[in-house]
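Computed from heavy atoms alone, side chains included, the values below leave out hydrogens, waters and symmetry copies. A, B, ... follow the sequence lines: proteins, then strands. Residue 1 opens every chain.
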Number of protein chains: 2
Amino acid sequence: MMPFKEMSRLDKLIHEPARLSIMSALEACSMAEFLFLQELTGLTKGNMSSHLSKLEKANYVLIGKSFLRKKIPQTTIQITPTGSHALTEYWKQIDHIREITKQWSKETNIAFPG
Amino acid sequence: MMPFKEMSRLDKLIHEPARLSIMSALEACSMAEFLFLQELTGLTKGNMSSHLSKLEKANYVLIGKSFLRKKIPQTTIQITPTGSHALTEYWKQIDHIREITKQWSKETNIAFPG
DNA sequence: GTATTTAGTTTATAATACAAACTAGTTACT
DNA sequence: AGTAACTAGTTTGTATTATAAACTAAATAC
């Protein structure tokens, strides 16, 4: 069993820490504002913006632009079913990797103890 | 509670999938040869070499060069206590993040149900 | 009417993952 | 003996990308 090749198949769009935090936050809220999300994650605006663009391009999030009282721009972000599924799969994959790594480790330590 | 900023503190040297697979493999074997490790991880030689250099510079692995029958070069790699500790901490951090995210998620869903 | 703030986007830079090209030595072939 | 091809890596170049700095557009303050 070769668990290690599995790691290279991790969804890199989600694996990146900034995006992992965005996706995790969005999974918890049904909808979030740009600035709220920024505060939660501690990212700069520029950073937030570009990461969100990537997530949007992959259809992991839905971005809506509206105006508060027809004046102040407000960007709201939601996770899509696709994104939610991808996040779930990501954690499943992490769990799977850890499990089979542990398993392989046990076998190997019998072969090469100490 | 703001779990999401924690993610940006993940040890990036370990987080990178290629290196995570190297470190996981090394944690299982007490010592591994370059080529064995390459086969396990599915990385190219160039890739292996540069990732190992980075891990060595951080003192996460110990690289030893010897010659088989005084002829064929053989590189052996071991994880160091520092590296082993870093890997353990990495998984701990992942667990912690997941846990507090789940917690935060629960709270948030009470505030914004549906 | 100018200055500052708000809510983002775009651009530029610095880091880095990756593979291709290279090195140094070994074995195979004729 | 001499050349070709293989082995075990390393170094170099390229392409991607994470990040922050600079910019935009509109609103409010003075």
Is a donor on one side and an acceptor on the other found under 3.5 Å between the side chain of [X] and the backbone of [Y]?
| X | Y | result |
| --- | --- | --- |
| A:H15 | A:Y90 | no |
| A:T80 | A:N59 | yes |
| B:S49 | B:K45 | no |
| A:Q38 | A:L43 | yes |

Sequence-distant partners of [X], side-chain hydrogen bond (donor to acceptor under 3.5 Å, both in side chains), two or more places apart:
| X | answer |
| --- | --- |
| A:E89 | A:K92 |
| A:S84 | A:E27 |
| B:K65 | none |

Worksheet entry | salt bridge (Lys or Arg N to Asp or Glu O under 4.0 Å) partners of residues 11-20 of chain B, not counting sequence neighbours, each pair once |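 Of all non-adjacent pairs touching residues 11-20 of chain B, none passes salt bridge (Lys or Arg N to Asp or Glu O under 4.0 Å).
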Item to complete: May I ask you to list the residues of residues 42-60 of chain B, by number, that have any heavy atom positioned under 4.0 Å from an atom of DNA chain C?
Response: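 Correct list: B:T44, B:G46, B:N47, B:H51, B:K54.
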Practice prompt. For the side chain of B:K12, starting at C-beta, report the closest nucleotide among D:dA18, C:dG8, C:dA17.
Written response: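 Given the options D:dA18, C:dG8, C:dA17, the side chain of B:K12 is closest to D:dA18.
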Fill in: Closest nucleotide among D:dT19, C:dA7, C:dA17 to the A:L35 side chain
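Shortest atom-to-atom distance from the side chain points to C:dA7.
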Grab the [atom1]-[atom2] distance between [X] and [N] for me, whole Å please.
| X | N | atom1 | atom2 | value |
| --- | --- | --- | --- | --- |
| B:I14 | C:dA17 | CD1 | P | 13 Å |
| B:H15 | D:dT17 | NE2 | P | 15 Å |
| A:K65 | D:dT24 | NZ | C1' | 13 Å |
| A:L13 | D:dT16 | CG | P | 16 Å |
| A:F36 | C:dT6 | CZ | P | 19 Å |
| A:E16 | C:dA15 | CD | P | 16 Å |
| A:R19 | D:dT16 | CZ | P | 15 Å |

Discussion item. If the helix axis at each end comes from five base pairs, how far does the helix from C:dG1-D:dC30 to C:dT30-D:dA1 deviate from straight, to 10°?
Written reply: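 Result, rounded to 10 degrees: 20°.
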Worksheet item: More 5' along DNA chain C: A:E33 or B:A18, using each one's nearest nucleotide?
Response: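 This one resolves to A:E33.
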Discussion item. To check you understand the geometry: which heavy-atom pair defines the closest contact between B:L52 and B:V61, and what is its length?
Written reply: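 Looking at all heavy atoms of both residues, the shortest contact is O-CG2, 4.0 Å.
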